[in-house]
Amino acid sequence: MEKLITRKEAAKILGISIATLDEARNNGLISYIQYVPNGCVYFTSAALQEYVAKCTHRAKPVEKKETYRNVRNGK
């Protein structure tokens, strides 16, 4: 069985606040383990990796301009 990670540890690993982590959990963006209703919440390293993958966006290509100046039309 994998080592379970607490909310505080998970937030530190992800570099986010506990409030942001709780919001992601409540919105269904990250999987969690909770043995008893209203009990402690735990995460697995696989759940954290999955969350990072969901939040990772590909870079968009930059539009190339011929000049750096903005040329006005008609002048």
Side-chain angles (χ1 to χ4, degrees):
M1 184 166 142
E2 280 190 74
K3 177 186 178 282
L4 298 178
I5 302 167
T6 64
R7 290 170 53 234
K8 185 176 180 179
E9 292 171 336
K12 185 175 180 180
I13 290 168
L14 294 173
I16 59 176
S17 68
I18 293 175
T20 303
L21 180 65
D22 288 340
E23 185 177 334
R25 181 174 54 90
N26 291 334
N27 290 332
L29 296 175
I30 188 167
S31 301
Y32 63 96
I33 298 167
Q34 188 173 25
Y35 294 114
V36 180
N38 298 325
C40 294
V41 174
Y42 300 99
F43 301 92
T44 62
S45 59
L48 299 183
Q49 290 173 357
E50 183 181 318
Y51 175 71
V52 169
K54 284 181 186 177
C55 294
T56 302
H57 303 281
R58 292 183 54 100
K60 296 178 183 173
V62 177
E63 294 180 22
K64 290 187 177 183
K65 293 183 178 180
E66 292 182 21
T67 65
Y68 290 103
R69 291 181 5 175
N70 291 329
V71 180
R72 294 183 190 176
N73 293 336
K75 291 189 179 184

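If you're wondering where the values come from, they're calculated on a predicted model, not measured in any experiment.
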Restricting to pairs with a member in [range], which pass salt bridge (charged side-chain N to carboxylate O under 4.0 Å, His left out), not counting sequence neighbours?
| range | value |
| --- | --- |
| residues 28-43 | none |
| residues 14-24 | Arg7-Asp22, Asp22-Arg25 |
| residues 29-41 | none |

remark   = Scanning both residues in full, the closest heavy-atom pair of Ala11 with Leu21 reads N-CD2, 3.9 Å
task = Report whether Ile18 and Leu14 are members of the same hydrophobic cluster (ILVMFWY, side-chain heavy atoms less than 4.5 Å apart, transitive linking).
result = no
key: Within one Ile-Leu-Val-Met-Phe-Trp-Tyr cluster: Tyr51 and Ile33, side-chain cutoff 4.5 Å   = no
query = With side chains defined as the heavy atoms from C-beta onward, is the minimum distance between Leu4 and Tyr32 less than 4.5 Å?
reply = no
inquiry  = For Ser31, give me all partners under side chain to side chain donor-acceptor pair (under 3.5 Å), at least two apart in sequence or on another chain.
reply    = none
note = Applied to residues 8-21, the side-chain hydrogen bond (donor to acceptor under 3.5 Å, both in side chains) test, sequence neighbours excluded, yields Thr6-Glu9, Ser17-Thr20
Table please: side-chain donor-acceptor pairs of residues 36-50 below 3.5 Å, with sequence neighbours left out.
residue: Thr44; atom: OG1; partner: Ala47; partner atom: N; Å: 3.2
residue: Ser45; atom: OG; partner: Glu2; partner atom: OE1; Å: 2.9

